[in-house]
Visitor: 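The structure that follows is given in the form of structure tokens.
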Amino acid sequence: MKKKILVLILCLLFVNSSAFSAQVRKRTGYSTYSTSQNKMVTTYYLVNSNGQRVSTQEYDYLNEINPNLFIAQNDSKVGLINGYGRGVLPFEYQEIKCLKSGILKVKKENKYGLMTFSGATILPITYSYLEKLDDRLLKFSSSNTGGAEGLPTAGSSRGSIGLMDYRGNVVAHEQYFSVDKINNYLLRVRLAPSGEINPSQPSSGGVGYKYGIIDYSGRVVLKAQYDYISKINNTILRLKMGSSWGRAEYYNGNIINVMFDYQSYW
């Protein structure tokens with residue numbers, strides 16, 4: 001009987017500790033450290049489910065990932081703390097962002113990498129560009145060339161975006177100017193050949209960016225030879241090649257038919 005009671009007590013302790021959750025509160029007041037007596041300052045701190053403060057520490061910024069994990073900022077440095085206010089990642093990052101459950105994007109010295117919620121490294125902080133495409137794939141660039149955050153510029157001879165999964169496995173090598181989603185099977189890619197054009201405008205033919213379609217494994221579904229591709233609906237893509245307009249019928253990850261039977265935009 002005593003053993004059963006002891007086991008029950010231990011289970012209750014475990015449940016209570018597992019169920020612990022913290023909440024973010026903010027405090028606004030006049031700064032005592034500022035030369036300006038009228039300067040309003042907002043700080044953030046943690047409380048437990050009863051509204052009691054977890055620690056005396058206050059932060060310039062505090063954002064909840066889950067009830068026991070928070071992105072915190074002090075003096076322009078970002079770190080990660082748990083619901084008890086204890087450090088998980090030190091305050092030495094420029095940015096920490098939750099991409100999906102269990103995965104964090106971190107930025108340090110203008111480079112990006114991936115970490116787990118526990119602080120384990122998934123990708124080293126060596127990438128000049130790292131962005132979420134969706135919950136399956138990331139867009140990345142390891143190159144220092146290009147514009148802001150490693151993105152290729154209009155004068156680049158090639159694009160510089162590749163695709164990888166969240167374990168760091170490369171699906172498509174760095175060769176695209178842009179990648180966006182058609183559906184859960186297909187991706188539209190834009191390839192930048194030699195020649196400087198305005199990347200915000202689709203080409204009207206000749207030298208310029210070319211559009212194509214790949215699937216989530218990186219397989220080329222439509223070769224990057226089109227001057228423009230846009231989605232009409234869940235089964236039809238609009239295509240442009242030179243002065244001709246056409247359409248591609250698709251289902252899930254496969255192109256069923258390609259037709260060029262239009263002389264003007266339809």
Side-chain angles (χ1 to χ4, degrees), residues 7-29 41-141 149 163-171 179-181 183-184 216:
V7 169
L8 180 60
I9 291 171
L10 290 174
C11 288
L12 289 173
L13 288 172
F14 175 78
V15 168
N16 287 335
S17 63
S18 301
F20 174 82
S21 63
Q23 302 167 13
V24 178
R25 295 282 173 84
K26 70 178 181 178
R27 183 173 66 84
T28 302
V41 174
T42 300
T43 56
Y44 300 83
Y45 57 92
L46 292 177
V47 298
N48 60 25
S49 56
N50 296 321
Q52 300 170 322
R53 290 190 64 154
V54 172
S55 70
T56 58
Q57 180 68 49
E58 295 188 1
Y59 305 92
D60 299 330
Y61 170 82
L62 204 56
N63 186 46
E64 178 182 320
I65 294 177
N66 62 46
N68 197 36
L69 199 62
F70 299 82
I71 299 169
Q73 178 178 320
N74 264 341
D75 299 325
S76 300
K77 293 295 183 181
V78 183
L80 198 67
I81 61 173
N82 64 20
Y84 296 94
R86 302 188 188 107
V88 177
L89 288 178
F91 285 78
E92 58 183 30
Y93 298 93
Q94 293 169 278
E95 178 188 340
I96 297 176
K97 183 177 181 181
C98 180
L99 297 184
K100 67 174 188 172
S101 179
I103 307 291
L104 298 170
K105 180 179 80 170
V106 296
K107 180 182 181 182
K108 187 176 182 180
E109 297 178 357
N110 295 320
K111 298 288 187 179
Y112 298 88
L114 290 183
M115 288 186 173
T116 66
F117 281 4
S118 63
T121 298
I122 301 173
L123 287 178
I125 308 174
T126 57
Y127 294 86
S128 58
Y129 173 73
L130 196 61
E131 278 297 329
K132 177 179 181 175
L133 177 69
D134 58 15
D135 282 342
R136 287 186 285 170
L137 292 180
L138 293 161
K139 297 182 284 186
F140 77 94
S141 176
E149 296 188 320
L163 295 170
M164 67 169 68
D165 63 23
Y166 282 84
R167 292 170 296 186
N169 299 314
V170 174
V171 171
V179 180
D180 57 346
K181 189 172 178 176
N183 61 10
N184 288 328
Y216 269 74

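If you're wondering where the values come from, they're calculated on a predicted model, not measured in any experiment.
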Visitor: Quick check for you: to the nearest 0.5 Å, what is the distance between L46 atom CG and E64 atom CD?
Guide: 9.5 Å

Visitor: If you look at every heavy atom in G119 and L89, which pair is closest and at what distance?
Guide: CA-CD2, 3.7 Å

Visitor: K181: which residues meet the salt bridge (Lys or Arg N to Asp or Glu O under 4.0 Å) condition with it, sequence neighbours left out?
Guide: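 K181 satisfies salt bridge (Lys or Arg N to Asp or Glu O under 4.0 Å) with D134 once adjacent residues are dropped.
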
Visitor: Does any N or O in the side chain of K105 come within less than 3.5 Å of the main-chain N or O of L130, such that one atom is a donor and the other an acceptor?
Guide: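 Pair found, side chain donor or acceptor close to backbone of L130.
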
Visitor: What heavy-atom pair brings T121 and M115 nearest, and what distance separates the two atoms?
Guide: OG1-CE, 4.1 Å

Visitor: Could you tell me whether a side-chain N or O of R136 sits under 3.5 Å from a main-chain N or O of N184, the two making a donor and an acceptor?
Guide: yes

Visitor: Can you check whether N82's main-chain N or O pairs, donor with acceptor, with N68's side chain at less than 3.5 Å?
Guide: no

Visitor: At their closest point, which heavy atom of R53 faces which heavy atom of Q57, and how far apart are they?
Guide: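 Answer, listing the atom of R53 first, then Q57: NH2-O, 3.7 Å.
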
Visitor: Is any side-chain heavy atom of L80 less than 4.5 Å from a side-chain heavy atom of V106?
Guide: no

Visitor: Side-chain contact test, heavy atoms from C-beta onward, threshold under 4.5 Å: evaluate it for R86 versus I81 and give yes or no.
Guide: no

Visitor: Measure the shortest side-chain to side-chain distance between V47 and Q52 over non-hydrogen atoms and say whether it is less than 4.5 angstrom.
Guide: no

Visitor: Do F70 and Y44 make a side-chain contact, defined as non-hydrogen atoms from C-beta onward lying under 4.5 Å apart?
Guide: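 A side-chain contact under 4.5 Å is absent here.
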
Visitor: Between Y166 and L138, is the side-chain contact (heavy atoms from CB on, under 4.5 Å) condition met? List the steps.
Guide: CA-CA 7 Å; Y166 282 84; L138 293 161; 3.7 Å; yes

Visitor: So which atom in Y59 and which in A72 form the shortest heavy-atom distance, rounded to 0.1 Å?
Guide: CD2-CB, 3.7 Å

Visitor: Looking at CD1 of I96 and NZ of K108, how far apart are the two atoms once the value is rounded to the nearest 0.5 Å?
Guide: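 Separation between the atoms: 10.5 Å.
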
Visitor: Answer yes or no: is there a donor N or O on one side and an acceptor on the other, between the side chain of S128 and the main chain of S141, under 3.5 Å?
Guide: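 Side chain of S128 to backbone of S141: a pair is present.
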
Visitor: Do I71 and Y61 touch side chain to side chain, with heavy atoms closer than 4.5 Å?
Guide: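 Touching, per the 4.5 Å side-chain cut-off.
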
Visitor: Looking at every non-hydrogen atom in both residues, tell me the closest pair between Q73 and S76 and how far apart they are.
Guide: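 Smallest heavy-atom distance, with atoms named: NE2-CA, 3.7 Å.
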
Visitor: Are there more than 12 heavy atoms of other residues, nucleotides or ligands under 6.0 Å from atom CG of N169?
Guide: yes

Visitor: Do the charged groups of D165 and R167 touch, with an N to O distance under 4.0 Å?
Guide: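 The answer is yes: the pair qualifies as a salt bridge.
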
Visitor: Could you tell me whether the side chain of I65 reaches within less than 4.5 Å of the side chain of L104, counting heavy atoms only?
Guide: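 Contact flag for L104/I65 side chains = yes.
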
Visitor: For N110, does its backbone N or O pair with a side-chain atom of Q94 as donor and acceptor, under 3.5 Å?
Guide: yes

Visitor: Considering residues at least two apart in sequence or located in another chain, which fulfil the ring-ring contact (aromatic ring centres under 6.0 Å, His included) criterion with F140?
Guide: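 Only Y127 meet the ring-ring contact (aromatic ring centres under 6.0 Å, His included) criterion with F140.
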
Visitor: Of all heavy-atom pairs between G79 and F91, which one has the smallest distance, and what is that distance?
Guide: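 Shortest heavy-atom separation between G79 and F91 comes out as N-CD2, 3.6 Å.
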
Visitor: So, taking the atom named OG in S101 and the one named CZ in F117, what distance separates them when rounded to the nearest 0.5 Å?
Guide: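 Going from OG on S101 over to CZ on F117, the span is 5.5 Å.
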
Visitor: To the nearest 0.5 Å, what is the distance between NZ (K107) and OH (Y112)?
Guide: 3.5 Å

Visitor: So do the side chains of L137 and Y216 get within less than 4.5 Å of each other, counting heavy atoms only?
Guide: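 L137 reaches Y216 side chain to side chain.
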
Visitor: Return the set of residues passing salt bridge (Lys or Arg N to Asp or Glu O under 4.0 Å) with K132 (not counting sequence neighbours), or none when no residue passes.
Guide: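 Salt bridge (Lys or Arg N to Asp or Glu O under 4.0 Å) list for K132, sorted by chain: D135.
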
Visitor: Report yes if the side chains of T126 and K111 come closer than 4.5 Å at any heavy-atom pair, otherwise no.
Guide: no

